[in-house]
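In what follows, a structure is listed as structure tokens, so that the remarks can point back to it.
Convention: sequence-line order gives letters A, B, ...; per-chain numbering from 1.
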Protein chains: 2
Amino acid sequence: MSAKENQRRILGLLWDDPATRPSGTRGPGRGLTREQIVTAAIEVAEAEGLPAVSMRRVAAELGVGTASLYTYLRGKAELEALMLDAVALGDTLPHEWPGDWRAKLEAWAMDDWAAIRRHPWTLRLHGADRLPGPNQLRWLDSMLRVFEDTGLTEPEKLAAVEALDAYSRGLGLLLAEVEAPADAEPYDVAGRNEGLRELVDFSRYPALLAAIRAGASPYAGDPFPFGLHRLLDGIEALIARRTAERGDRAE
Amino acid sequence: MSAKENQRRILGLLWDDPATRPSGTRGPGRGLTREQIVTAAIEVAEAEGLPAVSMRRVAAELGVGTASLYTYLRGKAELEALMLDAVALGDTLPHEWPGDWRAKLEAWAMDDWAAIRRHPWTLRLHGADRLPGPNQLRWLDSMLRVFEDTGLTEPEKLAAVEALDAYSRGLGLLLAEVEAPADAEPYDVAGRNEGLRELVDFSRYPALLAAIRAGASPYAGDPFPFGLHRLLDGIEALIARRTAERGDRAE
DNA sequence: CTCAAACTCCGAACGCCGTTCGGTGATAGT
DNA sequence: ACTATCACCGAACGGCGTTCGGAGTTTGAG
């Protein structure tokens with residue numbers, strides 16, 4: 001199958017394209033829905049981590065044979081695309097938070113960050129080869145609405161959205177014990193750092209040593225708000241510049 | 001094996017702890033080095049993508065039996081940790097670039113971004129459960145040195161480093177066809193967007209529609225410099241504030 | 001010089017994985 | 001009543017990481 005056909009197929013799946021469904025009505029009714037399968041897969045991922053999500057495991061969870069899943073899905077890649085779209089949305093869309101653009105973005109980002117820390121398995125499913133589903137487009141649309149009255153150009157708005165998204169996901173990856181189940185004991189950062197201290201001659205890393213002596217600990221705290229505020233400050237400065245330019249022209 | 005012992009073991013491996021090596025001298029000499037294995041694994045990843053890196057494949061590449069690798073490495077996780085540390089460094093460390101802190105960071109970030117686009121497989125190997133190797137600490141030390149005269153507190157410096165790193169890696173993941181080999185044809189973003197246009201009723205996404213009508217295309221361009229500049233602007237504003245505070249106190 | 005300890009190497013196997021094939025049996029339109 | 005159509009799924013294929021135990025090689029001790 002060509003890459004193009006593949007794209008089209010997954011798109012059809014995500015968007016529930018009738019063309020991808022069988023036409024006739026004969027034969028026994030289906031015992032499952034795609035939604036049930038996706039829900040079961042997500043439950044396994046939440047409870048035991050992404051590596052535990054196998055076709056066999058999901059089928060067993062639903063009480064059906066493994067091969068049956070392939071009458072609902074073309075393969076695991078499609079299951080993953082559906083899982084990703086299913087969790088793409090928080091309870092509140094970005095533009096629905098109160099306040100100005102900055103308050104909305106900050107509120108949404110903190111909410112999103114909490115979700116990322118709770119469901120780190122989502123981070124391993126992203127990539128440009130995945131196709132956006134309805135929920136992902138809903139989110140993107142909402143983000144763009146937040147920037148509506150800022151005076152940014154459309155490409156700038158998009159880039160800002162992508163920057164915020166990239167920052168959250170990147171930090172999640174940096175900090176998350178991504179493969180672990182949700183109920184595993186938290187990763188022992190202190191122990192890791194202690195082990196490092198025993199083995200490593202830190203005098204080779206003077207700036208790092210100074211930071212540690214000052215009480216800072218790499219990858220130990222939650223640096224999310226810091227970076228978020230820097231990013232928002234930067235965006236705010238650009239918006240102020242655009243607004244000033246407009247003012248000039250208006251005069 | 002406890003998580004603690006496991007940590008300690010990987011640390012020893014990364015840092016070449018003699019305690020992890022056999023003590024006696026009997027038996028035949030070793031035919032390989034860990035470095036050779038890591039190099040071979042990286043070559044496979046570069047040429048055919050991360051999924052092609054299997055223990056069997058790496059062993060075959062080196063002309064040895066698969067099981068032999070396990071006399072050099074405890075398992076694949078350790079191979080991955082070594083691969084990651086081996087590519088952790090660009091040609092130029094952040095603090096070695098010319099100019100002030102901002103010029104250094106921008107130069108390094110653009111260089112790092114180019115490396116990420118060239119070697120996207122590295123993005124799938126990160127996580128807090130991975131332990132930093134010597135090269136990763138060298139990089140961290142260098143980044144902290146860049147912030148030396150900025151007046152930021154040590155935790156702020158660390159958070160800034162982590163924010164920049166998170167942004168680059170996060171955007172890399174958003175844009176990269178991560179699993180693909182380096183020589184694969186580039187992902188057809190235009191075709192993807194075209195396929196979407198056929199299937200999706202964009203009137204449900206007015207802000208997105210407006211952006212597309214204005215010529216913006218989601219995830220199609222290279223938004224890296226935009227977000228980088230916003231982040232650096234935000235950090236610069238903070239540094240200016242800290243400098244002003246100092247000035248106040250000095251008077 | 002002898003020989004056993006210590007070590008490297010690795011074929012074969014175990015239990016996973018995603019996926020495919022072909023048969024079975026239920027359903028529904030003719 | 002019959003048959004086309006479909007859902008279901010046991011069994012198998014070729015991959016994976018890893019382990020086990022035996023064969024072969026080197027070295028140091030006696």
Between CG of A:Leu171 and CD1 of A:Ile116, what distance do you get to the nearest 0.5 Å? 8.5 Å

Ring-plane angle category for B:Phe224 and B:Trp113, please: parallel below 30°, perpendicular beyond 60°, tilted otherwise. parallel

What is the separation between atom CG on A:Leu69 and atom P on C:dG18, rounded to the nearest whole Å? 10 Å

Less than 4.0 angstrom between a side-chain N/O of A:Thr71 and OP1 or OP2 of D:dA7, yes or no? no

Of the listed nucleotides (D:dG17, C:dC9, C:dG18), which one gets closest to any side-chain atom of B:Arg30? C:dC9

Between atom CG of B:Leu173 and atom CG of A:Leu123, what is the distance when rounded to the nearest 0.5 Å? 8.5 Å

Shorter than 3.5 Å, N or O on both sides, protein versus nucleotides 25-27 of chain D: list them out with atom names.
unit_1 : atom_1 : unit_2  : atom_2 : d
D:dT26 : O2     : B:Gly27 : N      : 3.3

Interatomic distance where CZ belongs to A:Arg34 and C1' belongs to D:dA7 [whole Å]: 16 Å

What distance do B:Glu162 atom CD and A:Phe226 atom CZ have between them, rounded to the nearest 0.5 Å? 10.0 Å

B:Met55 side, atom CE; B:Ile37 side, atom CD1 - distance, nearest 0.5 Å: 8.0 Å

Between A:Glu46 and A:Arg118, is the closest basic N to carboxylate O distance under 4.0 Å? no

Please report the distance, rounded to the nearest Å, between OH in A:Tyr70 and P in C:dT20. 7 Å

Distance in angstrom units between A:Leu73 CG and C:dT20 C1', rounded: 16 Å

Check the phosphate of C:dC9 against B:Tyr72, side-chain N and O only, distance under 4.0 Å to OP1 or OP2. Yes or no? yes

Nearest-nucleotide check on DNA chain C, B:Gly31 vs B:Arg56; residue mapping nearer the 5' end is B:Gly31

Rounded to whole angstroms, how far apart are CG on B:Leu50 and P on D:dC16? 13 Å

Expected list for residues 57-68 of chain B near DNA chain C, using heavy atoms below 4.0 Å, is B:Val64, B:Gly65, B:Ala67, B:Ser68

Between B:Met55 (CE) and C:dC9 (P), how many Å, whole number? 14 Å

How long is the span from the CD atom in A:Gln136 to the CG atom in A:Leu84, to the nearest 0.5 Å? 5.0 Å

d(B:Asp141 CG, A:Leu209 CG) to nearest 0.5 Å is 9.0 Å

Establish, yes or no, whether the cationic atom of B:Arg138 lies under 6.0 Å from the six-membered ring centre of A:Tyr205 and within 45° of the ring axis. no

Rounded to the nearest Å, what distance is computed from the CG atom of residue A:Leu32 to the C1' atom of nucleotide D:dC8? 11 Å

